[in-house]
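Provided herewith is a single structure, encoded as C-alpha cells, for subsequent inquiry.
Any value given below was found using the heavy atoms of this structure, including those in side chains, with hydrogens, waters and symmetry copies removed.
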Amino acid sequence: MSLMRSAAIVGGTTLLSRVLGFLRDMMVASALGTGPIADAFFVAFRFPNMFRAIFAEGAFNTAFVPLFAKRLEGEGEVSARRFAEESVSVLLAALLILTIVFEIAMPWLMWLFAPGFGDDPQKHEWAVQFTRINFPYLLFISLTAVQAAILNSLGRFFAGAAAPVMLNITMIVALWFVVPLATNPGLALSWGVTAAGIIQFVWLAISCHRANMSLRLRMPKLTPDVKRLLVLGVPGIISGGIGQLNLTIGTIIASMQAGAVSWLYYADRIYQLPLGVIGIAIGVVLLPDLSRRLRAGDDAGAHWSQNRAIEFSMLLTIPAAVALAVIPFEIIKVLFERGKFGAADTHATSIALLIYAVGLPAFVLNKIFSPAFYARENTRTPLQFAAVSIAVNISTSLILFQFFGFAGIACGTTFAAWTNTMQLGFRLWRHGHFVPDAQLLKRLPLTLAASAGMGLVLWFGADMLTPWFGLRFLMSVSVLTALITGGVIVYAIFCQLTGAATLGDFRRAIRR
C-alpha cells in the first residue's frame with residue numbers, strides 16, 4: 001500500500017501538471033495553430049526535452065537511484081550525499097560542454113533534426129533561433145532531475161512530481177502576458193521555457209535543503225563510484241530515453257510534411273496525460289522500492305510489488321486507452337479547435353491520437369518492466385532492446401510515411417513501443433524476475449472486459465452529444481467532462497460487476 005500511496009502522490013501531482021499542460025497547449029494552439037512558427041517552436045522544444053529524458057531522467061533514474069539507494073542503506077546519508085555531489089559535478093561539466101557545442105552548431109544540426117525545414121528558409125531560421133534560446137533549459141532541468149532522484153530515493157516524491165507544474169505555470173504566464181505583446185510568439189515562448197528551467201531548479205534545490213540533502217559543487221573527478229555510474233548510465237542514456245528518441249525520430253520524418261509536426265505534438269500531449277499520471281508515476285516509485293527490496297534479499301516482495309504495479313496501472317491505463325481510441329475527435333475538437341487550429345487540424349490530430357492510444361498500455365508497461373532491470377544494475381539488456389525498438393520505429397515510420405503520411409509515423413511509434421514491451425517482459429519472465437501471480441492473471445481479463453463495456457457506452461454517448469461539441473468553449477468542455485465522467489462511473493460499475501476491482505478493495509487500500 002505504501003507503493004500505491006506514493007504512486008498516488010506522484011500521479012495526483014502529475015495530473016495537476018497535465019491539466020495545466022492542457023491549458024498551456026490550448027493557449028499555444030490558439031496563438032500558433034499548426035503553421036510554420038508552431039512547427040519551428042515544437043522542434044525547438046523537442047531538443048532540450050529529448051536530451052533531458054536521455055541524459056537526466058534516463059541515465060540518472062536508471063543508474064543513479066540504485067547506486068544512491070545502496071549507499072543510503074549501507075553507508076548512511078553522508079556517503080550518499082558525497083556520491084551525489086561527485087555525480088552532479090561530472091554531469092554539470094558534460095552538460096556545459098554539450099550546451100556550448102549545440103549553441104554553436106545549431107544551424108547545421110537543424111538540417112539533421114528537421115531536414116524538411118530546408119525547403120522553407122524562414123522556418124529553418126526560426127527553429128535555429130528558438131532552439132538556441134531554450135536549449136539552456138536542458139542544463140537546469142537535468143540538475144533538477146538529479147535532485148528529484150535524490151528525493152525519490154528518500155521517499156519524498158512530491159517535490160519532483162511538482163516541478164513540471166512550474167514549467168506549465170511559467171509558459172502560461174508567458175502566453176497570457178508576453179506573447180500578445182511580442183512580434184514573434186515563438187520567440188517569447190522560447191524565453192519562457194528557459195525561465196521555467198531556472199524556476200524548477202530553484203524549487204528542487206529548496207526541497208533538497210529541507211531534506212538535509214543540499215549538494216555543494218565539487219571539481220569534476222572520475223572517482224570509482226562515478227565510473228561505476230557511467231558504466232551503468234551510458235546504456236541507460238539510450239534505453240531510459242527510448243520514448244523521447246522514438247518521438248524525435250518521428251519529428252524528423254514529420255518535418256517533411258507541412259503541419260505534421262504540430263499534429264503529432266498535440267496528439268502526444270493528450271496521451272501523455274495517462275502515461276504521466278499512471279506509467280511514469282508508477283515507474284518513479286517502483287524503482288527505489290525494488291532497489292531497496294532486492295538489496296534486502298526480499299525477492300518475494302519484489303515480485304509482489306511488480307505484480308501489483310502492473311495490476312494497478314492496467315486498471316487505469318486500459319480504460320484510458322479505450323477512451324482515447326473511441327472519442328479522439330471529440331477530445332481534440334473541444335480542447336484545441338479554435339483560433340488558428342481548424343477542423344482539418346482536428347481530423348488529422350485525432351487520427352494520430354487514436355493510433356497512440358493503441359500503444360498506451362505498452363508505454364506504461366515499459367515504465368514498469370524497466371525498473372526490474374535497473375534495480376539489479378542491469379542497463380545493458382534494456383539498451384539492446386531499445387536499439388531493436390529504435391530500428392523498428394525508423395523502418396516502420398519511413399515505410400508507412402510513404403503511404404499514410406503522419407499517421408504512418410504514429411504507427412511506427414506505437415509498434416516500436418509494443419516491440420520493446422514484449423522483449424522486456426519476456427526476458428524478465430525467462431529469468432524468473434517476473435512471475436505473474438494468480439491475482440494478476442485473474443484480474444487483467446476482467447479489466448479488459450470492463451473497459452470494453454465502457455467503450456461501447458462512450459461510443460453511443462458521443463454520437464448522441466455530437467451537436468453539443470460545436471458550442472462555445474465552456475459549454476463544450478462541460479459536455480465532454482460529463483461524457484468522460486459518465487464513462488468513469490460506468491467503468492466503476494463494470495469493475496464491480498466483473499470483479500476487476502471492488503469497493504472492498506478500495507476500502508482496504510484506504511484503511512491501510
* Kindly determine whether F469 and L480 satisfy side chain to side chain contact (heavy atoms under 4.5 Å, CB included), including the steps that lead there. => CA-CA 7 Å; F469 294 122; L480 179 63; 4.2 Å; yes
* Asked: Hey, is the main chain of L67 close enough, under 3.5 Å, to the side chain of R71 for a donor-acceptor pair?
  -> yes
* Asked: Do you know the tightest heavy-atom contact between L151 and S207?
  ->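 Heavy atoms only, the tightest pair is CD1-CB, 3.8 Å.
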* Counting only N and O atoms by type, is there a donor-acceptor contact under 3.5 Å from the side chain of S395 to the main-chain atoms of V392? -> yes
* Asked: With distance as the sole test, does T396 use its side chain to make a donor-acceptor pair with the main-chain N or O of G412 at under 3.5 Å?
  ->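 Answer holds: no.
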* Asked: Quick one: does L92's side chain get under 4.5 Å of L139's, heavy atoms only?
  ->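 SC-SC contact between L92 and L139 confirmed.
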* Asked: Would you call the rings of W203 and F158 parallel, tilted or perpendicular, where under 30° means parallel and over 60° means perpendicular?
  -> perpendicular
* State the CG-CD distance between L91 and E86, to the nearest 0.5 angstrom. => 14.0 Å
* Stepwise side chain to side chain contact (heavy atoms under 4.5 Å, CB included) test for L264 and Y356 -> CA-CA 10 Å; L264 292 174; Y356 282 148; 3.6 Å; yes
* Asked: Do the charged groups of R82 and D225 touch, with an N to O distance under 4.0 Å?
  ->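 So R82 does not pair with D225 through a salt bridge.
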* Side-chain heavy-atom pair F83, T223 within 4.5 angstrom cut-off ->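 The answer is no; the side chains never approach within 4.5 Å.
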* Which atom names give the shortest non-hydrogen contact between L175 and R24, and what distance separates them? ->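 For L175 versus R24, the nearest heavy atoms are CD1-O, 3.6 Å.
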* Asked: So does R380 have more than 12 non-hydrogen atoms from other groups sitting under 6.0 Å from CZ?
  ->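 No - once you tally the heavy atoms of other residues, nucleotides and ligands closer than 6.0 Å, there are 12 at most.
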* May I ask you to check whether F130 and F45 place their ring centres under 6.0 Å from each other? => no
* Locate the shortest heavy-atom distance separating F117 from A40; write the atom from each residue and the value. =>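 Of all heavy-atom pairs spanning F117 and A40, the closest is CE2-CA, 4.0 Å.
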* Asked: Which of these, L324, L316, T317, sits in a side chain to side chain contact (heavy atoms under 4.5 Å, CB included) with P274?
  ->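 Among L324, L316, T317, the one that satisfies the side chain to side chain contact (heavy atoms under 4.5 Å, CB included) with P274 is L324.
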* **Worked verdict on I351 versus W263 for side chain to side chain contact (heavy atoms under 4.5 Å, CB included)** => CA-CA 9 Å; I351 293 174; W263 297 330; over 6 Å; no
* Please tell me if the side chains of I199 and I169 come closer than 4.5 Å, counting only heavy atoms from C-beta onward. =>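 Answer no - side chains too far apart.
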* Asked: Measuring from L143:CG to L138:CG, what's the distance to the nearest 0.5 Å?
  -> 9.0 Å
* Asked: With no hydrogens and no angle check, is any side-chain donor or acceptor of W176 less than 3.5 Å from a backbone partner on M27?
  ->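 Absent.
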* Asked: Do side-chain atoms of S389 reach the backbone of F385 as a donor and acceptor pair under 3.5 angstrom?
  -> no
* To do: Return yes when atom CZ of F415 has more than 12 non-hydrogen atoms of other residues, nucleotides or ligands closer than 6.0 Å, and no otherwise.
  =>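 Open.
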* Report yes if the side chains of L354 and S350 come closer than 4.5 Å at any heavy-atom pair, otherwise no. =>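 Sidechains of S350 and L354: no contact.
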* What closest approach, in Å, do L95 and S142 show between heavy atoms, and which atom pair accounts for it? -> CD1-CB, 3.3 Å
* Could you tell me whether a side-chain N or O of Q200 sits under 3.5 Å from a main-chain N or O of I141, the two making a donor and an acceptor? => no
* **Shortest non-hydrogen contact from V179 toward A188** => CG2-CB, 4.0 Å
* Do S17 and N168 get their side chains close enough for a donor-acceptor pair, meaning under 3.5 Å? -> yes
* Please check if the side chain of S190 supplies one atom and the backbone of N134 the other of a donor-acceptor pair under 3.5 Å. =>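 Answer holds: no.
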* Asked: Taking all atoms of both residues into account, what is the closest heavy-atom pair of K221 and V90, and its distance?
  ->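 In this case the closest contact between K221 and V90 is O-CG2, 3.8 Å.
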* Asked: Can you check whether A196's main-chain N or O pairs, donor with acceptor, with T170's side chain at less than 3.5 Å?
  ->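 Checked: no pair found.
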* Taking the six-membered ring for Trp and the full ring for Phe, Tyr or His, determine whether the centres of F42 and Y266 are under 6.0 Å apart. => yes
* Reported OG1-to-CD1 distance for the pair T414 and I409, which is rounded to 0.5 angstrom -> 12.0 Å
* **Working for side chain to side chain contact (heavy atoms under 4.5 Å, CB included), residues T413 and F363** => CA-CA 10 Å; T413 302; F363 290 118; 3.8 Å; yes
* Point-to-point distance, once rounded to the nearest 0.5 Å, from CG of L400 to SG of C411 -> 5.5 Å
* Asked: Do the side-chain N and O atoms of S397 and N393 include a donor-acceptor pair separated by under 3.5 angstrom?
  ->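 The criterion, which ignores hydrogens and geometry beyond distance, is satisfied for N393 and S397.
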* Asked: Within the distance-only criterion (no hydrogens, no angle test), does the side chain of T194 pair as donor or acceptor with the backbone N or O of I133 below 3.5 angstrom?
  ->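 Confirmed, T194 side chain pairs with I133 backbone.
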* Roughly how far apart are L335 CG and D25 CG, rounded to 0.5 Å? ->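 Going from the CG atom of L335 to the CG atom of D25 covers 9.5 Å.
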* Going by heavy atoms in the side chains, are D345 and E337 under 4.5 Å from each other? ->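 Of all side-chain heavy-atom pairs linking E337 with D345, none is under 4.5 Å.
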* To do: Measure the OG-CG distance between S370 and L290 for me, rounded to the nearest 0.5 Å.
  =>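 Going from the OG atom of S370 to the CG atom of L290 covers 11.5 Å.
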